[in-house]
Amino acid sequence: MAPPRILIVGCGIAGPTLASFLLLADIPAAHKPHITILERESTRKAHLRGQNIDIRGSGVTIIRKLGLEAQIRASTTGEEGVQLVDENNHVWSQNRVDKSGEIQTPTSDIEILRGRLAELCWKNSQRISAEAERESAKGIEYIFGDYLDEIKQDDKQVHVHFARSGETRSFDLLVGADGMQSHTRKIVWGEEGEKDRLKRIGMFAGFFSIPREGHDGKWRRWFHAPGRRGIMLRPDSLGVRSTIFMYVVNEKDPRFIEVATKGNNGAEAQKALLEEYFKDAGWECDRIIREMKSTDDFYYDAVSQVKMDSWTKGRVVLLGDAGYCASPISGLGTTLAFSAAYKLAGYLQGYIKGEDTDPSAALAQYNAQMKPIVEECQELAPGQPYIINPETAWGVWVMRVLIRSLSYTRIIFVIVKFFGRILHLGPQAADYVRVENFGFKEMSVWEKEDTEKRS
Ligand SMILES: Cc1cc2nc3c(=O)[nH]c(=O)nc-3n(C[C@H](O)[C@H](O)[C@H](O)COP(=O)(O)OP(=O)(O)OC[C@H]3O[C@@H](n4cnc5c(N)ncnc54)[C@H](O)[C@@H]3O)c2cc1C
């Protein structure tokens, strides 16, 4: 049997991770799959955007297997923990990260900017591809700056049309790893069902970075304002920018949705709406609004989860945020993407080796194994995002006092350690995702990188 041709849509976190493990499988070079990664953005770093994300539990085991741990740890933001601050920057409570990784606190022991992580996953996949090519395997073909506008399938193949090049090609398997707003999902599962699959949690957020100021430090500062408004200001890895997560929990004002549907084209309207909501909020809002207006890495969306009963249809499978986005407030999206890519590559081995004639058994196994993991990762703490973001000034005060008392007495750590999983407090689920042994070749530690190319 000829090696299967696999198209992976999306060169974020999940896409290149899947490609890497598919090539690290213990399969003779001549049988290794022919992999194409298609990324909508151009190579000019457009897909390397995004602010702070974390890697936890099983995710750490997986980056170690990829030989990526040292590079990732060298690129972390070094966030010390979370401080709850008021209008005067007075710290009401602070919870330091557990650097042993034993307790999953809001700050993980590995915090990194999404763009840097995506860059490392992509470049590491190139390194793995080059090694496979040296052994006469086909390696990975990367296509940047294009996307699919048609996907059709029959029993044997998936036929796709590339919108920009106009090319039509056929593959044995198509993996949609194209993020929360996945076009693969919309084309294959139907646009009309999107409102049932993409579940908003009532929160709307802008993500961007601003020039760092001397007092920004290494702590995440979290400021709450009445009206369920909040801002997190966090460190970057190079010490030159501070990253912002600016949000409003609001299901009444329809403009939050209206501006979200415009995507990147609606940045001006999105910024104007956030300005309207934060201009009287005090704290450092004047500075943040001023910088938001001129930043070029602004990203806005309705914070949502993707919920589906199955992530496979024939020869098409969804991976990562495309299939089961858990939302940034879960703290688990990236770990979920790593874990799922690892598992999918493992289950596909029988098909790639030719032991199974089609991928259906592997895809059924992927669906079955991922279901309980996804369900647990998508459980948000009770009352999220409402209780932690009160409506009134009085509510904000009570919340601060409560968290201060729990932190000061360290009761919060006892609760998280012993009841965190049951109560879905903090991203405990990352510790319970099993990392099976699929016999993948362990990648050598990646030590050298052309740092000059880093921006
Ligand atoms: C620009 C951007 C910024 C982000 N910022 C944050 C953040 O600040 N905080 C946070 O917690 N999470 C953020 N995320 C989400 C986070 O990366 C994911 O939750 C997580 O890492 C899972 O990764 P993934 O590979 O499944 O999806 P993603 O990381 O979203 O990767 C999907 C990839 O698919 C590409 N793509 C999308 N549509 C198409 C298409 N039609 N054809 C081809 N390629 C396509 C995208 O450009 C992207 O490279 C961001 C994602 C993106 C794309």
Side-chain angles (χ1 to χ4, degrees), residues 7-19 36-56 59 63 77 106 108 111-122 125 142-151 160-164 174-188 203 205-209 232 234 236 241 243-247 263-264 267 296-301 303-306 311 318-341 344 374 377-378 427:
L7 174 62
I8 299 172
V9 183
C11 193
I13 314 301
T17 301
L18 173 67
T36 302
I37 296 185
L38 169 67
E39 168 59 49
R40 179 185 54 187
E41 305 286 359
S42 74
T43 44
R44 294 188 197 285
K45 302 204 167 187
H47 71 302
L48 305 180
R49 286 174 293 147
Q51 314 305 337
N52 312 52
I53 55 178
D54 39 32
I55 306 172
R56 301 168 183 269
I63 57 169
T77 64
S108 155
E111 293 280 346
I112 184 168
L113 298 192
R114 186 246 172 218
R116 176 68 181 142
L117 181 62
E119 180 179 28
L120 287 173
C121 290
W122 166 42
S125 73
Y142 298 87
I143 302 174
F144 282 86
D146 209 341
Y147 60 95
L148 304 180
D149 58 4
E150 192 175 276
I151 303 171
V160 300
H161 182 259
F162 292 77
R164 293 212 176 112
L174 189 156
V175 182
D178 45 354
M180 187 180 87
Q181 299 289 355
S182 168
H183 276 243
T184 309
R185 187 180 71 231
K186 289 174 191 158
I187 297 175
V188 177
M203 179 185 256
F207 305 78
F208 52 97
S209 69
M232 290 185 196
R234 309 178 65 176
D236 79 343
R241 310 278 295 171
T243 69
I244 303 292
F245 172 53
M246 186 183 211
Y247 63 86
N264 287 345
D296 60 0
D297 63 359
F298 181 82
Y299 172 77
Y300 171 97
D301 214 340
V303 177
S304 307
Q305 295 190 322
V306 175
W311 302 290
L318 298 176
L319 178 69
D321 273 13
Y324 30 78
C325 175
S327 90
I329 62 169
S330 73
L332 284 165
T334 307
T335 295
L336 201 50
F338 275 124
S339 307
L344 182 57
V374 169
C377 290
Q378 289 191 330

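Just the heavy atoms: all of them, side chains too, but no hydrogens, waters or symmetry mates, feed the values below. This one's a predicted model, so the numbers in the text were calculated from it and none came from an experiment. Whatever order the structure lists them in is the order used to number ligands and atoms, beginning at 1. The residues of the chain are indexed from 1 along the displayed sequence.
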Set of residues satisfying salt bridge (Lys or Arg N to Asp or Glu O under 4.0 Å) with respect to Arg185, sequence neighbours excluded: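 With sequence neighbours excluded, Arg185 shows a salt bridge (Lys or Arg N to Asp or Glu O under 4.0 Å) to Glu194, given in chain and number order.
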With sequence neighbours left out, what residues match Arg40 under salt bridge (Lys or Arg N to Asp or Glu O under 4.0 Å)?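 None.
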Minimum heavy-atom distance Thr17-Ala341, with the two atoms named: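 Between these two residues, the closest heavy atoms are CG2-CB, 3.7 Å.
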Quick check: closest heavy atoms across Leu318 and Gly323, and the distance to 0.1 Å?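 Smallest interatomic distance, heavy atoms only, reads CB-CA, 3.8 Å.
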Close-range residues for ligand 1, whose non-hydrogen atoms fall below the 4.0 Å threshold: Val9, Gly10, Cys11, Gly12, Ile13, Ala14, Leu38, Glu39, Arg40, Glu41, His47, Arg49, Gly50, Gln51, Asn52, Ile53, Arg114, Tyr147, Ala177, Asp178, Gly179, His183, Phe207, Gly320, Asp321, Pro328, Gly333, Thr334, Ala337
Using 30° and 60° as the class limits, which term best fits the ring planes of Trp122 and Tyr142: parallel, tilted or perpendicular?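 The rings of Trp122 and Tyr142 stand perpendicular, inter-plane angle above 60°.
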Residues that Phe298 engages under side-chain contact (heavy atoms from CB on, under 4.5 Å), provided they are two or more places apart: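 Residues passing side-chain contact (heavy atoms from CB on, under 4.5 Å) with Phe298: Phe208, Ala267, Gln270, Lys271, Leu274, Met292, Thr295, Tyr300.
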